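Have a look at the structure below before the remarks.
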2 protein chains.
Amino acid sequence: MSQMQNVERQLREMILGLEIGPGERLTERWIESRFGASRTPVRAALLRLETEGLIGRDGRGWTVAPINLAELGQIAVYREAVEVAAVRLTAALEDRAGIDVIAAMLDSCDAETPREEWHRVGMDFHIELARLSGNEFLLRAVRDAMTRLSRARWLEVRDEQALGRAWAEHHAILAAVRNGDAEEAARMLSAHIGGSRDRLVSSLHDDRRGLRARGFAVVAA
Amino acid sequence: MSQMQNVERQLREMILGLEIGPGERLTERWIESRFGASRTPVRAALLRLETEGLIGRDGRGWTVAPINLAELGQIAVYREAVEVAAVRLTAALEDRAGIDVIAAMLDSCDAETPREEWHRVGMDFHIELARLSGNEFLLRAVRDAMTRLSRARWLEVRDEQALGRAWAEHHAILAAVRNGDAEEAARMLSAHIGGSRDRLVSSLHDDRRGLRARGFAVVAA
DNA sequence: AATACCAACTTGGTATCCCAATTTGGTATC
DNA sequence: GATACCAAATTGGGATACCAAGTTGGTATT
């Protein structure tokens with residue numbers, strides 16, 4: 001694999017894994033030495049990550065994107081629009097095989113599954129559901145939205161009950177799609193996303209002192 | 001302005017203006033000499049344009065994105081989802097000033113206005129309407145969709161009547177938004193986008209021989 | 001004439017160097 | 001002690017040099 005892709009992938013993982021905190025400054029030279037690459041691939045990776053919204057420009061330099069509560073609300077509206085459109089398309093298809101694959105994916109999580117895995121599967125549920133629509137643009141939109149949300153969701157204080165409820169909602173949405181009931185699937189998906197947003201924003205809002213104490217930049221709504 | 005932004009802007013204009021045809025190969029060295037810049041800003045511009053979908057990788061090299069009829073259909077679905085979401089938000093706002101600005105923009109086109117300007121204003125209508133929603137992600141999605149559509153719309157064979165009908169629909173949508181009638185605005189916008197897609201795809205489909213004769217790569221639906 | 005083969009060239013990927021602008025740290029001044 | 005100021009270090013933007021992989025065009029062989 002090329003250096004550029006290497007740097008991009010590793011840097012993205014460090015940002016999403018909060019090894020580099022939101023708001024932290026990045027210098028091209030530091031990344032260079034950290035990953036043993038020269039500046040050309042480093043610059044390419046930075047440009048890519050900028051379009052993903054994971055980093056941004058701070059005057060002349062680079063900064064890891066802060067956690068922005070207002071932005072999280074906007075993303076929720078955005079993903080509701082595209083995910084609902086995607087699920088409507090999917091419900092109209094005859095292919096039910098893809099749905100079973102997603103259901104199996106959900107069921108692969110149990111009591112012993114680490115939290116990180118739940119987190120990842122929860123995101124993949126939405127991404128794979130969008131993929132079934134067959135629309136590349138809806139898929140990309142959902143993937144981008146989940147990427148931008150993932151750090152915040154990782155920081156969210158989630159209890160077992162909320163997680164279980166989310167999983168039940170996921171299954172219910174799948175059931176509606178399997179029945180070809182686009183309206184019901186759309187309604188439930190909207191509610192699911194809205195609830196997810198409310199819990200996420202209020203959780204981060206309540207904990208924003210703690211986040212700042214960890215050195216994370218948090219922008220208020 | 002920096003070289004990178006210069007190269008990016010000029011190259012984008014050449015691609016959107018069809019000075020470089022769909023499917024054409026690009027070499028970094030040619031761009032270098034064409035714009036008098038070195039490879040660093042050239043590569044940055046190429047990476048940006050790649051994320052916009054205007055160019056793509058062809059093995060090791062770069063290629064101007066072909067006109068893809070299947071993609072145009074998918075974009076229509078995508079933009080319908082995001083534009084309808086945006087117009088629903090906008091209709092719920094109290095601010096009516098922005099709507100008048102857009103209406104004035106539409107009215108600035110008359111019989112003497114060059115076709116290119118009609119084309120640009122037609123795109124800006126959708127972009128500015130999305131901007132009024134206040135949602136950065138919906139705005140960006142609409143802007144990106146219009147960028148990807150613009151070459152195809154420029155190639156479309158449009159008659160005066162179709163253009164006049166589109167303008168009437170634009171005004172009708174604005175009127176519904178001004179009245180705060182989100183449902184009516186959403187319905188009309190959906191119909192507008194659907195009709196636009198049908199005319200676009202069938203026009204390009206009918207003319208794809210002519211397009212190929214001009215050296216433009218056209219991918220069938 | 002067809003083909004197998006090779007040398008020269010082209011291309012994108014990478015590394016390195018230079019530069020202007022900004023930041024930084026210390027120092028002199030009040 | 002606060003502040004104005006300046007030199008040194010740092011930074012991102014740009015230019016150039018080099019390389020490996022791939023393409024091309026010509027040539028020798030059959």
Side-chain angles (χ1 to χ4, degrees), chain A residues 1-16 18-66 68 212 215-217 219, chain B residues 1-16 19-66 68 215-217 219:
Chain A
M1 180 179 294
S2 70
Q3 284 279 44
M4 193 214 81
Q5 291 170 321
N6 246 326
V7 174
E8 181 187 345
R9 190 173 43 78
Q10 295 189 59
L11 193 53
R12 184 189 295 110
E13 277 175 16
M14 287 189 71
I15 293 173
L16 292 180
L18 297 169
E19 295 173 56
I20 314 177
E24 211 163 310
R25 290 182 91 98
L26 288 173
T27 70
E28 298 184 354
R29 259 91 176 189
W30 178 83
I31 301 169
E32 232 181 298
S33 64
R34 177 68 176 71
F35 299 109
S38 76
R39 293 183 66 196
T40 310
V42 167
R43 305 265 284 272
L46 287 170
L47 285 172
R48 284 240 149 85
L49 294 175
E50 185 190 18
T51 69
E52 289 185 43
L54 295 183
I55 63 176
R57 291 219 133 93
D58 174 38
R60 215 168 61 120
W62 301 95
T63 307
V64 176
N68 186 329
R212 290 227 173 83
F216 295 164
V219 177
Chain B
M1 184 180 295
S2 71
Q3 285 275 45
M4 192 215 80
Q5 292 169 321
N6 248 323
V7 174
E8 181 187 345
R9 189 172 43 78
Q10 295 189 59
L11 193 54
R12 184 190 294 111
E13 277 175 17
M14 287 187 72
I15 294 173
L16 293 180
E19 296 173 55
I20 314 177
E24 210 162 312
R25 287 185 88 97
L26 288 173
T27 70
E28 299 184 352
R29 258 92 176 188
W30 177 83
I31 301 170
E32 232 181 297
S33 64
R34 176 69 176 72
F35 299 110
S38 77
R39 295 184 64 198
T40 310
V42 166
R43 303 209 64 208
L46 287 171
L47 287 170
R48 285 240 148 86
L49 294 175
E50 185 190 17
T51 69
E52 289 185 43
L54 295 183
I55 64 176
R57 297 238 138 131
D58 174 37
R60 217 168 58 122
W62 300 95
T63 307
V64 177
N68 187 327
F216 295 164
V219 177

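Quick note on labels: first sequence line is chain A, next is B, and so on, each numbered from 1. Basis for what follows: all heavy atoms, side chains included, without hydrogens, waters or symmetry-related copies. Keep in mind that what you see is a predicted model, and the values were worked out from it rather than measured.
- Put simply, CD on B/Glu32 is 8 Å from P on D/dT16, counting in whole angstrom units.
- Taking every heavy atom of residues 40-59 of chain A and every atom of DNA chain D, pairs under 4.0 Å involve A/Arg43, A/Arg57, by number.
- Shown here, C/dT23 forms a base pair with D/dA8; the pair counts as Watson-Crick or G-U wobble because both key distances fall under 3.5 Å.
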What do the steps show when you test B/Ile20 against B/Leu11 for side-chain contact (heavy atoms from CB on, under 4.5 Å), and what is the final call?
CA-CA 9 Å; B/Ile20 314 177; B/Leu11 193 54; 3.8 Å; yes

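- Between A/Ala217 and A/Gly23, the closest heavy-atom pair is CB-CA, 3.7 Å.
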Sequence-aligned protein contact record of nucleotides 17-25 of chain C, with B where the base is within under 4.0 Å of a protein heavy atom and S where only the sugar-phosphate is:
BB-BB----

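- Across all strands shown, D/dG1 is found opposite C/dC30 as a Watson-Crick or G-U wobble partner, with both distances under 3.5 Å.
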Working for side-chain contact (heavy atoms from CB on, under 4.5 Å), residues B/Arg34 and B/Met14:
CA-CA 12 Å; B/Arg34 176 69 176 72; B/Met14 287 187 72; 4.0 Å; yes

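- Both tests pass for A/Arg57 against the ring of A/Trp62: distance under 6.0 Å to the centre and angle within 45° of the axis.
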Please test A/Glu19 against A/Gln10 for side-chain contact (heavy atoms from CB on, under 4.5 Å), starting from the C-alpha separation and ending with a verdict.
CA-CA 11 Å; A/Glu19 295 173 56; A/Gln10 295 189 59; over 6 Å; no

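- OP1 or OP2 of C/dA15 sits under 4.0 Å from a side-chain N or O of A/Ser38.
- Annotation for A/Gly21 and A/Phe216: closest pair CA-CE2, 3.6 Å, computed over non-hydrogen atoms.
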Would A/Thr51 and B/Leu47 count as a side-chain contact (heavy atoms from CB on, under 4.5 Å) if you check the C-alpha gap in whole Å, the side-chain angles of each, and the deciding distance to 0.1 Å?
CA-CA 10 Å; A/Thr51 69; B/Leu47 287 170; over 6 Å; no

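- Look at A/Glu8 and A/Arg12 and you find a salt bridge, because one of the NZ, NE, NH1 or NH2 atoms lies within 4.0 Å of a carboxylate O, short of that distance.
- Residue-level contact check: A/Ile31 touches neither bases nor backbone, having no heavy atom under 4.0 Å from any strand.
- Whole-Å rounding puts the A/Trp62 CH2 to D/dG13 C1' distance at 11 Å.
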